[in-house]
Amino acid sequence: MAWSVEIDPGLCIASGSCPAIAPELFVLEGAHARAVHEEIAEDERALNAADVCPAMAITVRDGSGEVIGPRP
């Protein structure tokens with residue numbers, strides 16, 4: 001089942017933590033990071049990136065639309 005990955009540009013501070021964890025999933029572009037693809041195969045690294053984002057700017061949703069990252 002595919003996951004969706006979103007980065008809120010209003011929250012993102014371009015810390016570089018997400019591309020450091022998963023360069024295949026995230027890139028820095030100017031003052032913000034972005035997901036390489038809005039939909040990805042299930043990938044623990046997306047959850048890890050959401051968990052460590054200092055701005056809490058990354059949201060990962062499962063195929064049903066439920067938020068699964070960042071984890072509590």
Can you name the side-chain hydrogen bond (donor to acceptor under 3.5 Å, both in side chains) partners of Glu29, sequence neighbours left out?
Arg34
Give, for atom CE of Met56 and atom CD1 of Ile13, the distance between the pair rounded to the nearest 0.5 Å.
12.5 Å
For Ile40, the other hydrophobic cluster members (4.5 Å side-chain criterion, sorted by chain and number) are Trp3, Val5, Ile7, Leu25, Phe26, Leu47, Ile58, Val60, Ile68
Closest non-hydrogen atoms of Ala57 and Leu11, given as atom of the first, atom of the second and distance, are CB-CB, 3.8 Å
Non-neighbouring partners of Ala2 that pass side chain to side chain contact (heavy atoms under 4.5 Å, CB included), sequence neighbours left out:
Glu39
How would you list all residue pairs meeting side-chain hydrogen bond (donor to acceptor under 3.5 Å, both in side chains) that involve residues 5-19, not counting sequence neighbours?
Ser15-Ser17
Can you name the closest pair of heavy atoms from Leu28 and Ala33 and give their distance?
CD2-CB, 3.7 Å
Ala50 and Gly69: which non-hydrogen atoms are nearest, and at how many Å?
CB-C, 4.0 Å
Does CD belonging to Glu38 count more than 12 external heavy atoms closer than 6.0 Å?
no
Just to verify, what does Glu24 make a salt bridge (Lys or Arg N to Asp or Glu O under 4.0 Å) with, not counting sequence neighbours?
Arg45
Looking at side-chain heavy atoms only, is the closest gap between Val27 and Pro19 below 4.5 Å?
no
Which residues share a side-chain hydrogen bond (donor to acceptor under 3.5 Å, both in side chains) with Thr59, sequence neighbours left out
none
